[in-house]
S.K.: 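Could you have a look at this structure, given as structure tokens, before my questions?
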Amino acid sequence: MNKIYPTLENALDAVDDGMSVMIGGFGGAGAPIETIHALVERYKRTGSPGRLTVINNNAGNGAVGIAAMIYAGMVARMVCSFPRSSDPKAFTDKYLAGEIELELVPQGTLAERIRAGGAGIPAFYTPSSFGTQIAEGKPVAEFEGRPYVQERWLKADVALIKADLADRKGNLTYRKAARNFSPLMAMAAKTTIVQASRVVEPGGIDPEHVVTPGIFVDRIVEVANPQQEEALLREGAK
Amino acid sequence: MNKIYPTLENALDAVDDGMSVMIGGFGGAGAPIETIHALVERYKRTGSPGRLTVINNNAGNGAVGIAAMIYAGMVARMVCSFPRSSDPKAFTDKYLAGEIELELVPQGTLAERIRAGGAGIPAFYTPSSFGTQIAEGKPVAEFEGRPYVQERWLKADVALIKADLADRKGNLTYRKAARNFSPLMAMAAKTTIVQASRVVEPGGIDPEHVVTPGIFVDRIVEVANPQQEEALLREGAK
Amino acid sequence: MTTKLTNAQIAWRAAQDLPDAAYVNLGIGFPEMVAKFKPKGREVTYHTENGILDFGEAPPAGEEDWDLINAGKKAVTLNPGASFFHHADSFAMVRGGHLDVAVLGAYQVAESGDLANWSTGPGSVPAVGGAMDLVHGAKQVWVITDHVTKKGEPKLVESCTLPLTGVGCVTRVYTSLAVVDVVDKRFVVREKLASISLDDLQAVTGAKLAVGDTIGELNVPEI
Amino acid sequence: MTTKLTNAQIAWRAAQDLPDAAYVNLGIGFPEMVAKFKPKGREVTYHTENGILDFGEAPPAGEEDWDLINAGKKAVTLNPGASFFHHADSFAMVRGGHLDVAVLGAYQVAESGDLANWSTGPGSVPAVGGAMDLVHGAKQVWVITDHVTKKGEPKLVESCTLPLTGVGCVTRVYTSLAVVDVVDKRFVVREKLASISLDDLQAVTGAKLAVGDTIGELNVPEI
């Protein structure tokens with residue numbers, strides 16, 4: 001079993017038009033910049049993959065990462081909790097022009113829906129959003145005298161993840177708070193594609209320290225010294 | 001904030017008659033033997049805490065641990081997935097005599113119900129047990145053409161947990177497969193009481209390697225060189 | 001005589017009520033200021049929904065690690081005993097009732113405890129973040145806010161006209177004029193500035209103010 | 001001529017179908033034997049529901065670590081690249097469709113794919129363990145079993161009379177006489193021992209056997 005792919009281009013051939021794509025990261029922490037940019041390059045060269053649904057906590061910042069996908073015109077729909085950022089122009093312009101759809105999901109519900117997708121739980125109840133616009137049209141039920149909203153699992157065709165260490169069997173660790181949504185997305189996607197800062201031999205990660213077990217991972221590309229979205233933005237990257 | 005208690009007896013004063021008690025461990029791995037035995041000693045001395053509901057994957061083995069609780073007569077009800085073991089006499093006799101109640105829960109559903117209890121999810125749907133005796137009386141719903149059973153969260157008054165490392169803020173690690181249900185139970189109990197094999201200074205556990213964050217833990221007692229239930233049984237402990 | 005608290009003073013007042021050994025989530029922006037005024041000798045553990053428990057102050061400029069940020073995407077540091085976890089575990093802490101206090105900003109708070117703090121209505125890009133989860137689960141949900149809007153309209157109201165963040169969730173409001181509890185669907189004044197009469201406070205409040213046994217004086221240092 | 005496979009031979013036959021790079025859960029007891037016969041050159045990763053992925057063989061007697069056990073509470077070892085996780089994550093792997101194959105024993109299998117393997121009815125202590133989760137989620141659910149009970153009654157039946165473990169979940173059955181797929185609520189014979197005629201196989205089977213394009217010969221080495 002060897003999940004290591006030689007290049008991002010190879011690994012990304014699983015991404016096709018119209019797919020749903022979960023992208024790890026919260027703000028810049030955990031954003032798989034090289035992976036996203038490889039996908040943008042492919043789109044600019046070939047016109048594919050387009051019409052994507054992108055699932056991420058945010059909706060891009062500045063002109064790199066998900067914002068670059070939006071500027072390129074690859075994204076038809078965003079599922080996120082917070083489509084604002086220090087420079088949200090890429091998303092905001094398209095959204096206000098009606099050129100991109102938005103499904104707004106409270107952050108905890110987004111995380112739990114993705115986990116449910118990975119864990120085979122088709123629906124669950126949460127107190128979050130009860131009595132708000134977000135809950136409109138969703139089933140409501142009372143448990144022990146308190147009202148809850150039924151939410152559905154969220155799965156995706158592909159997850160794009162940034163890990164710290166990886167081995168060829170797919171075991172992953174994450175750096176600090178770059179973990180955020182990535183372990184959940186790795187569970188919830190048909191194909192999970194990982195850029196890892198360092199690939200180690202199996203056993204190179206202590207079994208007690210593995211965060212994402214290999215069963216949730218399909219393809220790994222080593223990207224040493226990866227870029228950090230927030231650092232890029234502060235350098236004024238376009 | 002110092003969650004360290006000097007003795008198991010001190011820490012266990014949170015356990016009272018009629019409470020629900022989650023006990024970590026799967027078979028012998030993770031069973032907090034010293035904690036359980038301190039509770040049994042107290043019961044033998046004072047007659048309290050009795051009429052307990054015990055939640056564990058199993059229902060005791062031989063004459064130590066949960067089996068010792070059952071023999072002592074402290075347990076009114078077991079919630080578990082597999083009340084069999086190499087020597088299940090303690091439970092079996094009382095069960096067949098109608099002296100102990102049993103709620104049988106499929107193992108994955110048990111784990112998910114406990115997690116739901118800790119995560120504020122009052123109910124969820126699972127494919128497990130659909131069409132079986134276990135699902136009788138439970139709501140059923142169809143999602144994307146497949147039938148699912150609604151299961152409810154499971155909480156407890158107290159969780160008794162065995163950890164490897166702990167710090168005074170409550171952060172925990174577990175040894176190998178002794179992890180099993182314990183991180184979930186720590187989330188789902190009002191008071192989580194931990195016996196840790198070693199207490200370290202805050203920062204002594206790498207923040208990326210913490211398995212149970214301190215917020216889920218209330219009381220910690222250091223029990224160096226703890227006994228292992230399976231090893232005890234093989235030594236013929238009574 | 002103080003006629004209106006500054007934001008820093010509102011944050012200071014709220015901070016005085018942080019219990020020792022509490023787990024606390026401070027919302028993005030203004031609520032983050034509360035940490036600055038935590039009384040000495042109390043140990044408070046801060047949670048950020050992007051997956052850190054027990055983070056500390058901002059690092060010196062130039063020493064930021066952008067993989068170590070809070071929910072507001074600001075760089076933070078770690079205290080000894082910190083931990084990282086994924087988003088589902090993070091919101092298990094929130095939704096599961098493990099936080100003692102969540103502090104949030106508000107557009108409007110209703111006497112029922114309803115909160116509106118995420119959307120000013122159509123025309124802008126809606127963004128909810130973690131607020132809808134934070135208002136459920138934390139044992140106490142505090143709002144810190146100016147008593148009235150920039151236009152002078154009441155923010156404490158009979159019922160919210162803006163889109164709701166949560167129903168019946170706010171337990172206490174710290175404003176620029178008063179400290180108000182939400183009890184049984186009524187606003188109960190606990191403290192007010194000495195410079196304002198109860199009648200004048202009522203005049204800038206959009207719902208009936210009840211009074212408990214006593215009204216304390218809202219005393220805040222110059223900051 | 002072989003007239004009936006031994007348990008080891010049934011396990012051997014099932015093991016030949018383990019795909020390379022598969023994630024596999026072997027039920028407690030007889031199914032654990034399948035691991036022994038995995039064809040060389042295929043890399044199979046074993047999952048145990050108590051929270052280990054990629055465990056290996058039993059350690060030598062006397063070298064057991066009882067914190068390192070499988071779901072049957074037997075001591076195991078780790079392969080390089082193993083991982084530990086808690087029970088909710090473990091069953092996320094199961095229920096979430098991440099396992100390629102689950103291998104289970106059976107009291108009865110119905111032509112609809114229903115499985116009964118956890119309770120022989122009232123009078124004993126019921127114990128279900130992880131079986132009700134394992135039958136849902138794994139991409140293939142294999143049963144290995146003697147073709148008939150010790151009393152000679154069919155275990156492949158029109159409908160189960162014993163309490164069900166799962167509905168419509170079994171995809172393939174490896175018995176002491178044949179390999180049978182469950183397709184569209186019918187048993188389809190894929191292989192049978194050369195020593196038994198289809199009529200004789202039908203005679204010890206409690207439901208109608210269908211035949212696909214061909215019936216292969218069930219060939220198993222002496223073990």
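Letters A, B, ... mirror the listed sequences (proteins, then strands); counts begin at 1.
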S.K.: Find the one option among B/Gly117, B/Ala119, B/Ala188, B/Ala116 whose heavy-atom pairs under 4.5 Å with chain C are most numerous.
M.R.: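 It is B/Ala119.
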S.K.: Examine the side chains of C/Ser83 and B/His209 and answer whether a donor and an acceptor come within less than 3.5 Å of each other.
M.R.: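 B/His209 and C/Ser83 do not have a side-chain donor-acceptor pair below 3.5 Å.
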S.K.: Ignoring hydrogens and geometry, is there a side-chain-to-backbone donor-acceptor pair from C/Ser119 to C/Pro163 under 3.5 Å?
M.R.: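 Not confirmed, C/Ser119 side chain does not pair with C/Pro163 backbone.
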S.K.: Counting only N and O atoms by type, is there a donor-acceptor contact under 3.5 Å from the side chain of B/Thr132 to the main-chain atoms of B/Ser129?
M.R.: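 At least one qualifying donor-acceptor pair exists.
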S.K.: Check C/Asp133 against C/Arg95 and note the closest heavy-atom contact, atom names and distance.
M.R.: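 Looks like OD1-NE, 4.5 Å.
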S.K.: With a 4.5 angstrom heavy-atom cut-off, is it the side chain or the backbone of B/Lys155 that approaches chain C, or both, or neither?
M.R.: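 Neither part, no heavy atoms under 4.5 Å.
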S.K.: If only side-chain N and O atoms count, and only distance matters, is there a donor-acceptor pair under 3.5 Å linking B/Glu151 with B/Thr109?
M.R.: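 No pair is found: no donor N or O on one side chain lies under 3.5 Å from an acceptor on the other.
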S.K.: At under 4.5 Å between heavy atoms, what parts of residues 210-226 of chain B are in contact with chain C? List them by residue number.
M.R.: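 Answer by number: B/Val210, B/Pro213, B/Gly214, B/Ile215, B/Phe216.
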S.K.: Show the numbers, then the answer: is there a side-chain contact (heavy atoms from CB on, under 4.5 Å) between B/Asn58 and B/Met78?
M.R.: CA-CA 9 Å; B/Asn58 305 102; B/Met78 281 295 322; over 6 Å; no
S.K.: Here's a test for you: under side chain to side chain contact (heavy atoms under 4.5 Å, CB included), which of B/Val15, B/Ile161, B/Val21 qualifies with B/Ile193?
M.R.: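 For B/Ile193, the side chain to side chain contact (heavy atoms under 4.5 Å, CB included) check succeeds only for B/Val15.
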S.K.: Any salt bridge linking C/Asp181 with C/Arg186? Criterion: basic side-chain nitrogen under 4.0 Å from a carboxylate oxygen.
M.R.: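 So C/Asp181 does not pair with C/Arg186 through a salt bridge.
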S.K.: Quick one about B/Thr46 and B/Ser48 (side-chain donor to acceptor, distance below 3.5 Å, no hydrogens or angles considered), yes or no?
M.R.: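 B/Ser48 vs B/Thr46: no donor-acceptor pair found between side chains.
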S.K.: Could you check whether any side-chain N or O of B/Asn180 sits under 3.5 Å from a backbone N or O of B/Gly25, counting only pairs where one atom can act as donor and the other as acceptor?
M.R.: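 Flag set: sc B/Asn180 to bb B/Gly25 pair under 3.5 Å.
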S.K.: Among residues 53-63 of chain C, which residues come closer than 4.5 Å to chain B, judged by heavy atom distances?
M.R.: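 So the qualifying residues are C/Leu53, C/Asp54.
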S.K.: Do the side chain of C/Asp146 and the main chain of C/Thr149 share a donor and acceptor less than 3.5 angstrom apart?
M.R.: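 No; zero donor-acceptor contacts below 3.5 Å.
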S.K.: Could you tell me whether a side-chain N or O of B/Glu34 sits under 3.5 Å from a main-chain N or O of B/Gln195, the two making a donor and an acceptor?
M.R.: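 Judged by distance alone, no pair lies under 3.5 Å.
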S.K.: Residues of residues 98-113 of chain C under 4.5 Å from chain B (heavy atom pairs)?
M.R.: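 Only C/His98, C/Leu99 of residues 98-113 of chain C have a heavy atom under 4.5 Å from chain B.
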S.K.: How far apart are the closest heavy atoms of C/Thr205 and C/Pro154, and which atoms are they?
M.R.: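 Minimum heavy-atom contact is C-CB, 3.9 Å.
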S.K.: Are B/Glu9 and B/Arg42 within salt-bridge range, i.e. N to O under 4.0 Å?
M.R.: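 Judged by the 4.0 Å cut-off on N to carboxylate O distance, B/Glu9 and B/Arg42 do not form a salt bridge.
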S.K.: For B/Glu230, is there any backbone N or O sitting under 3.5 Å from a side-chain donor or acceptor partner on B/Gln228?
M.R.: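 Answer holds: yes.
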S.K.: Okay, side chain of C/His147, backbone of C/Ala178: is any donor-acceptor separation there less than 3.5 Å?
M.R.: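 No, the answer is negative, given that no donor and acceptor are paired below the 3.5 Å cut-off.
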S.K.: Given 3.5 Å as the limit, does a donor-acceptor pair link the side chain of B/Thr173 with the main chain of B/Asp164, or not?
M.R.: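 No, because the side chain of B/Thr173 does not come within donor-acceptor range (under 3.5 Å) of the backbone of B/Asp164.
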S.K.: Heavy atoms only, distances under 4.5 angstrom: which of C/His136, C/Glu43, C/Arg42 has the most pairs with chain B? Name it, please.
M.R.: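 The residue among C/His136, C/Glu43, C/Arg42 with the greatest pair count is C/Glu43.
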S.K.: Are the charged groups of C/Arg13 and C/Glu191 less than 4.0 angstrom apart, N to O?
M.R.: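 Salt bridge present between C/Arg13 and C/Glu191.
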S.K.: Which members of residues 68-80 of chain C, sorted by number, sit under 4.5 angstrom from chain B on a heavy-atom basis?
M.R.: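 Within residues 68-80 of chain C, the residues that come under 4.5 Å of chain B (heavy atoms only) are C/Leu78, C/Asn79, C/Pro80.
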